[in-house]
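For reference, the structure is listed below as structure tokens.
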Amino acid sequence: MSIECLVLGAGQDVGKSCVVATIGGRRVMFDCGVHLFCRGRSSYPEFDRILAASGATDFTAAISCVVITHSHLDHIGALPYFTEVCGYHGPIYMTYPTKALAPMMLEDYRKVMVDQQWEEGQYSYEDILRCLKKVIPLDLKQTIQVDKDLVIRAYYAGHVLGAAMIYAKVGDAAMVYTGDYNMTPDRHLGAAQIDRLKLDLLITESTYAKTTRDSRRAREREFLQAVHKCVSGGGKVLIPLFAVGRAQELCMLLDDYWERMNWKIPIYFSAGLTIQSNTYYKMLIGWTSQKIKDNYRAHNPFDFKHVRHFERSFINNPGPCVLFATPGMISNSGGFSFEVFKKWAPSEKNLVTLPGYCGPGSIGHKLMSGKSTRIEVDKDTHIDVRCQIHQLAFSPHTDSKGIMDLIEFLSPKHVILVHGEKPLMAFLKERVESELGMPCYYPANNESVSIPATKNLKMSATERFITSCASEQTEDNLRKQKLICGSNMSEANTDRKLAEGILLMEKNKAVKILCEDELVQVLGMERHLVQNEPMVSSRTGAAGE
């Protein structure tokens with residue numbers, strides 16, 4: 001028995017996460033995301049490979065279920081296309097917060113498709129609604145029996161509201177797919193939590209495979225110092241990020257700092273999307289950090305006092321301000337963060353602070369290299385970058401230590417790395433294999449990996465064998481009681497005696513354990529005994545001569 005993993009997305013890349021795992025004849029699709037730097041069909045996983053691998057004629061027959069780990073677009077953005085255009089009509093699972101956040105995330109992405117005038121691959125608002133009606137919500141540690149053999153369970157992953165790690169089991173074969181996770185708590189979310197499970201396979205993200213972060217307090221202090229310096233000098237701060245997750249974390253931090261400083265300098269959200277997501281954070285307090293859960297009745301930290309909505313007309317306003325603008329990374333294909341960056345980047349007084357991961361090809365990635373003083377937008381347009389650039393490790397992904405800690409804690413028999421850059425994955429693979437002694441793989445997109453899976457052999461024991469074991473145990477207990485009475489405790493505490501029997505495996509019959517006498521009867525043979533005759537001393541001497 002084996003687990004076959006077909007990586008359709010996030011293989012040696014960060015984008016369009018999608019892994020199809022075949023366990024005991026059941027196929028589970030983990031995540032169904034889009035690549036944010038591609039357009040049209042190329043932004044989606046190559047779903048046709050599922051049909052080729054399975055031999056099925058449609059996706060509903062090929063896939064037992066789809067499980068979405070969280071609401072970020074690189075994990076959920078292709079789902080309406082897969083269900084409403086490709087025609088998958090099977091079960092879809094995600095947590096309650098992910099189902100709540102999904103409609104606005106998907107609708108926001110649909111508008112991007114329209115703005116970019118995709119020639120193929122678009123889905124409609126009605127497609128989004130029809131898709132999400134098929135979703136079955138999950139609660140944490142709730143065991144779902146997908147069919148008579150396939151079981152799945154969700155565990156808290158941190159990272160973003162509603163994010164989950166997914167455990168899947170068929171028969172004796174078991175695996176965990178992490179999606180994105182964070183092993184350390186922050187201001188608004190707790191650390192990932194999972195049971196110690198017996199696993200054949202762990203598929204883990206590896207975004208920060210080579211990065212070990214400073215303490216949260218040190219990172220917060222560095223961020224606040226950079227913002228303070230900029231706005232005190234009359235500059236504007238642009239913080240490009242995605243609407244769900246880091247927006248809430250950094251707004252909490254700045255709101256608290258503004259309160260202590262008694263500042264009136266405006267802090268802005270650029271997107272109604274972020275305001276909508278805050279509403280869900282207020283409603284789904286149970287998925288946040290323990291500190292928030294303990295104190296939210298006295299004060300809901302998502303009721304920001306100093307944060308307000310930003311209008312496009314404010315871009316050229318004089319004076320200092322802080323602006324959270326979507327999307328993160330800054331993409332020259334569009335988005336409000338890019339529009340603001342074009343206006344603010346030429347001024348030395350301003351600051352762009354990059355709080356999270358920026359994929360290769362993005363403007364954010366170029367800025368992080370520290371070499372870009374001129375950004376080419378197209379053949380006729382460029383941006384002179386004179387503003388300050390500040391990179392901060394405020395990503396909601398776990399760091400290298402967190403990845404290694406999770407792998408060591410779960411101790412799977414095999415590890416597959418996804419959601420990372422190839423050189424960093426190669427580095428982490430060497431660490432996993434050398435330090436933890438586990439086979440580790442990092443397949444590229446559209447590659448498959450076959451993992452040996454556990455198969456326990458069920459067998460029965462004959463009544464006579466069980467009776468003989470019981471009688472031997474009784475005799476052994478009596479012997480130990482005598483030893484205890486004689487104060488010989490060391491012998492009395494020895495390991496229990498192992499039961500000895502014969503394993504009989506016959507074609508088309510159940511495997512069973514029996515006694516020697518029973519085997520003789522099964523074989524229709526007479527019992528034969530071989531006895532050794534001890535040699536007397538005279539014969540021993542003669543043999544020596």
Side-chain angles (χ1 to χ4, degrees), residues 187-188 216-243 245-275 277-278 301-331 335-356 358 363-364 366-368 370 372-375 383-395:
R187 284 177 170 255
H188 80 294
R216 193 191 83 193
R217 289 189 180 278
R219 286 179 279 134
E220 289 180 348
R221 184 166 56 249
E222 183 184 351
F223 170 73
L224 291 173
Q225 286 173 348
V227 171
H228 185 119
K229 182 180 178 181
C230 178
V231 297
S232 296
K236 295 177 170 59
V237 181
L238 171 63
I239 307 175
L241 38 59
F242 295 101
R246 293 307 88 185
Q248 287 72 29
E249 179 76 8
L250 295 180
C251 276
M252 288 175 65
L253 179 59
L254 286 182
D255 204 54
D256 180 61
Y257 187 70
W258 253 237
E259 188 72 11
R260 287 186 280 122
M261 297 295 294
N262 195 27
W263 275 357
K264 303 302 179 185
I265 298 168
I267 303 173
Y268 294 113
F269 274 150
S270 72
L273 183 64
T274 313
I275 295 170
S277 63
N278 279 352
F302 303 110
D303 287 328
F304 303 124
K305 294 181 180 179
H306 301 276
V307 182
R308 63 194 77 165
H309 182 62
F310 189 82
E311 302 289 344
R312 271 182 163 77
S313 59
F314 295 175
I315 291 179
N316 296 317
N317 282 3
C321 70
V322 177
L323 171 63
F324 293 95
T326 59
M329 303 190 194
I330 312 178
S331 170
F336 195 64
S337 59
F338 175 64
E339 188 177 334
V340 175
F341 175 76
K342 287 190 293 183
K343 292 284 187 178
W344 292 2
S347 172
E348 295 175 356
K349 292 171 62 176
N350 297 334
L351 167 69
V352 175
T353 183
L354 300 158
C358 293
I363 291 175
K366 294 174 184 176
L367 296 174
M368 284 163 53
S372 291
T373 57
R374 178 185 170 106
I375 300 291
I383 303 169
D384 290 320
V385 181
R386 298 190 186 92
C387 64
Q388 306 160 61
I389 306 298
H390 198 184
Q391 180 189 357
L392 290 172
F394 267 102
S395 172

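Everything quoted here is computed from the prediction, not taken from an experiment.
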Worked verdict on L254 versus L224 for side-chain contact (heavy atoms from CB on, under 4.5 Å): CA-CA 8 Å; L254 286 182; L224 291 173; 3.7 Å; yes

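- To the nearest 0.5 Å, atom NE2 of residue H390 and atom CD of residue E222 are 4.0 Å apart.
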Audit row: F304, I267, side-chain contact (heavy atoms from CB on, under 4.5 Å) steps and yes/no: CA-CA 10 Å; F304 303 124; I267 303 173; over 6 Å; no

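- Under the 4.5 Å side-chain criterion, counting only non-hydrogen atoms from C-beta, K229 is not in contact with Q225.
- The closest donor-acceptor contact from the side chain of K236 to the backbone of N317 lies under 3.5 Å.
- Paired with Y268 under the rule ring-ring contact (aromatic ring centres under 6.0 Å, His included), one option of F324, F336, F310 passes, and it is F310.
- A donor-acceptor pair is defined here as one N or O able to donate and one able to accept, closer than 3.5 Å; no such pair exists between the side chain of N350 and the backbone of G235.
- Crowding of R217 atom CZ: a count of heavy atoms from other residues, nucleotides or ligands under 6.0 Å not exceeding 12.
- The shortest distance between side-chain heavy atoms of P301 and H188 does not fall below 4.5 Å.
- Atom NZ of K343 sits about 14.0 Å away from atom CG of L238, to the nearest 0.5 Å.
- By the neighbour-count criterion of 12 heavy atoms within 6.0 Å, atom CD of E348 is sparsely surrounded, having that number or fewer from other residues, nucleotides or ligands.
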Test log, rule side-chain contact (heavy atoms from CB on, under 4.5 Å), inputs I330 and V352: CA-CA 10 Å; I330 312 178; V352 175; 4.3 Å; yes

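- Put simply, the side chain of W263 reaches to within 4.5 Å of the side chain of V231, judged on heavy atoms.
- Of all heavy-atom pairs between P346 and F341, the closest is CD-O, 4.4 Å.
- A pairwise comparison of heavy atoms in P266 and P320 identifies CD-O, 3.7 Å as the closest pair.
- Nearest approach of R187 to R216, heavy atoms of both residues: N-NH1, 3.7 Å.
- Annotation: the span from L367 atom CG to T353 atom OG1 amounts to 11.0 Å, rounded to 0.5 Å.
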Verdict with reasoning, F223 to R219, per side-chain contact (heavy atoms from CB on, under 4.5 Å): CA-CA 6 Å; F223 170 73; R219 286 179 279 134; over 6 Å; no

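- Atom SG of C251 sits about 10.5 Å away from atom CH2 of W258, to the nearest 0.5 Å.
- Aromatic ring orientation, H228 versus Y257: perpendicular (interplanar angle above 60°, classes split at 30° and 60°).
- In this structure, SG in C387 is found 7.5 Å from CG in L351, a value given to the nearest 0.5 Å.
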